[in-house]
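Remember, it's a predicted structure, so these values are computed and weren't measured experimentally.
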Amino acid sequence: MQAILYIAHGSRVKAGVEQAVNFLKSVQQEIEIPIQEISFLELATPTIAEGIASCINQGATAIAIVPILLLAAQHAKHDIPSEIDKAKKQYPQVRFTYGEPLGVHELLIDTLQTRILEAGCPTKDASVLVIGRGSSDPAVKRDLDKIATRLRDKYAYEAVNTCFLYGMGPTFEEWLQQENKGNQVFIVPYLLFTGVLRQNITKRLQDYENKNVILCESLGYDDNVRKVLVERIYQLIKFTKKGVL
C-alpha cells in the first residue's frame with residue numbers, strides 16, 4: 001500500500017508549525033493516496049522516524065518522502081536522506097522513494113510579485129531584495145539568483161538582488177551596511193513560515209533609517225506553493241489525477 005510522508009522543517013514558533021500543518025492538510029485533500037502523514041525535520045513533532053513508523057503501522061509497503069523545502073541544501077541533500085537510510089535498514093520490506101524540493105518554479109516567481117504588490121505600489125526605479133535562509137551549498141545561491149533574475153525580467157524591476165540570513169554571502173547585515181540611494185526597495189523573505197528568522201528580519205529593520213525600504217510578507221503557503229507541491233508529489237509517485245502513468 002502506498003503512503004506519503006510530508007517532511008516540513010519545523011519551527012520554535014508555534015504559529016509556524018500550525019501554518020505548515022494546515023497547509024499540508026489542504027494538500028492531502030488533493031492527493032488520492034490512502035496513507036498520508038506529516039512529520040518535521042527538527043524543532044517539532046512527530047519526527048521523521050515517527051512519521052515513517054506511523055505509515056508502516058497503517059500498512060504501508062511503499063513510502064514516498066516529500067520534503068517541504070524551498071531549495072536543495074543540507075537538509076534536502078544530507079539530513080533527510082540519512083533518515084531514509086536508517087529507515088531502509090529498519091524496514092527492509094518497505095520501498096522508499098524521495099522527492100525534490102519546490103525549487104525554481106514560475107508559479108513561485110508570481111507569488112513573490114504578489115507579496116510585493118500587497119506591500120505597496122512599486123515605482124519605476126524600484127528594486128527588490130530577496131532574502132534566503134542561507135546555506136553553505138553553492139547550489140542554493142545559484143538557485144536563488146535564478147529566481148531573482150526571473151523576477152527582475154518578468155516584472156521589469158530595475159534590480160533584484162539576493163542575500164542570506166546565514167551561511168554564504170552576501171549577508172543581510174552586509175546589505176544593510178551598504179550605502180542606499182534612497183530608492184524604493186521591497187524586501188521579500190524567501191521563507192515558507194512564520195518563525196524566528198522572519199522575526200529577526202523585522203527587528204533588524206526597525207532601526208534602519210531608510211523609510212523607502214518596505215518589508216513584504218514572506219513567500220508563505222499560498223495557492224501557487226500548493227500547486228507546485230502537488231506537481232512535485234505526482235512527479236514522485238508517478239500518478240496523475242486520471243490514474244497511474
Side-chain angles (χ1 to χ4, degrees), residues 1-103 133-140 143 166-167 191-193 195-197 221 225-226 228-241 243-245:
M1 187 180 296
Q2 178 72 62
I4 294 177
L5 179 64
Y6 302 90
I7 303 179
H9 185 279
S11 174
R12 293 183 179 87
V13 178
K14 183 179 178 181
V17 175
E18 292 173 348
Q19 286 170 8
V21 170
N22 291 335
F23 169 71
L24 290 173
K25 284 182 177 179
S26 72
V27 171
Q28 288 175 332
Q29 296 174 8
E30 295 196 36
I31 307 298
E32 297 177 1
I33 295 294
I35 303 170
Q36 299 185 62
E37 292 293 326
I38 298 169
S39 66
F40 294 91
L41 183 61
E42 58 185 10
L43 306 174
T45 56
T47 64
I48 297 173
E50 290 169 343
I52 290 172
S54 179
C55 290
I56 292 171
N57 289 339
Q58 294 174 69
T61 55
I63 302 177
I65 307 289
V66 180
I68 316 303
L69 301 171
L70 287 169
L71 300 171
Q74 179 75 19
H75 289 323
K77 293 181 178 180
H78 301 288
D79 297 340
I80 296 176
S82 176
E83 291 295 319
I84 295 173
D85 286 342
K86 293 176 185 177
K88 286 179 177 178
K89 293 176 183 177
Q90 186 174 359
Y91 308 104
Q93 76 281 11
V94 177
R95 180 171 60 88
F96 292 89
T97 53
Y98 181 40
E100 298 289 333
L102 298 177
R133 173 183 294 274
S135 171
S136 59
D137 190 331
V140 172
D143 284 346
Y166 65 86
L191 305 170
L192 281 175
F193 53 86
V196 173
L197 296 179
Y221 298 105
V225 174
R226 180 185 54 77
V228 175
L229 179 57
V230 169
E231 181 180 315
R232 296 288 183 253
I233 292 168
Y234 279 116
Q235 288 171 348
L236 174 61
I237 62 177
K238 301 186 184 305
F239 267 68
T240 67
K241 293 182 179 180
V244 182
L245 288 173

Are [X] and [Y] side-chain neighbours, meaning at least one heavy-atom pair lies under 4.5 Å?
{"X": "T97", "Y": "I237", "result": "no"}
{"X": "Y98", "Y": "P67", "result": "yes"}
{"X": "E42", "Y": "H75", "result": "yes"}
{"X": "V13", "Y": "V196", "result": "yes"}
{"X": "F96", "Y": "I52", "result": "yes"}
{"X": "R95", "Y": "I63", "result": "no"}
{"X": "Y6", "Y": "V27", "result": "yes"}
{"X": "Q93", "Y": "T61", "result": "no"}

| request: Step by step, work out the side-chain contact (heavy atoms from CB on, under 4.5 Å) result for I7 and V66. | output: CA-CA 6 Å; I7 303 179; V66 180; over 6 Å; no

Measuring from atom [atom1] of [X] to atom [atom2] of [Y], what distance do you get when rounded to the nearest 0.5 angstrom?
{"X": "I80", "Y": "S39", "atom1": "CD1", "atom2": "OG", "result": "8.0 Å"}
{"X": "L41", "Y": "L69", "atom1": "CG", "atom2": "CG", "result": "7.0 Å"}
{"X": "I56", "Y": "M1", "atom1": "CD1", "atom2": "CE", "result": "13.0 Å"}
{"X": "N57", "Y": "E37", "atom1": "CG", "atom2": "CD", "result": "9.5 Å"}

Identify the heavy atoms of [X] and [Y] that sit nearest to each other, and give their distance.
{"X": "E30", "Y": "Y234", "result": "O-OH, 3.1 Å"}
{"X": "A60", "Y": "I35", "result": "N-CD1, 3.8 Å"}
{"X": "Q74", "Y": "S135", "result": "N-OG, 4.4 Å"}
{"X": "G10", "Y": "A44", "result": "CA-CB, 4.3 Å"}
{"X": "Q2", "Y": "P34", "result": "O-CG, 3.6 Å"}
{"X": "I33", "Y": "I4", "result": "CG1-CD1, 3.8 Å"}

| task | Answer yes or no: is there a donor N or O on one side and an acceptor on the other, between the side chain of Q36 and the main chain of L5, under 3.5 Å? | result |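 Checked: no pair found.
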
| E100 backbone acceptor or donor facing R232 side chain under 3.5 Å |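 No, because the side chain of R232 does not come within donor-acceptor range (under 3.5 Å) of the backbone of E100.
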
| said: For a side chain to side chain donor-acceptor pair (under 3.5 Å) check, start with the C-alpha distance between S54 and E50, then their side-chain angles and the critical distance, and finish with the verdict. | reply: CA-CA 6 Å; S54 179; E50 290 169 343; over 6 Å; no

| task | For K25, look at atom NZ and say whether over 12 heavy atoms of other residues, nucleotides or ligands are found less than 6.0 Å away. | result |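 12 or below, so no.
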
| Should we say atom CD of Q28 is surrounded by more than 12 heavy atoms from elsewhere, each under 6.0 Å from it? |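 Yes - once you tally the heavy atoms of other residues, nucleotides and ligands closer than 6.0 Å, there are more than 12.
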
| field | side-chain contact (heavy atoms from CB on, under 4.5 Å) between V17 and F40, intermediate numbers included | value | CA-CA 9 Å; V17 175; F40 294 91; 3.7 Å; yes

| task | Output, in order, the C-alpha distance, side-chain angles, deciding distance and verdict of side-chain contact (heavy atoms from CB on, under 4.5 Å) for I38 and I68. | result | CA-CA 10 Å; I38 298 169; I68 316 303; over 6 Å; no

| request: Under the side-chain contact (heavy atoms from CB on, under 4.5 Å) rule, what do R226 and Y221 come out as? Steps first, then yes or no, please. | output: CA-CA 7 Å; R226 180 185 54 77; Y221 298 105; over 6 Å; no

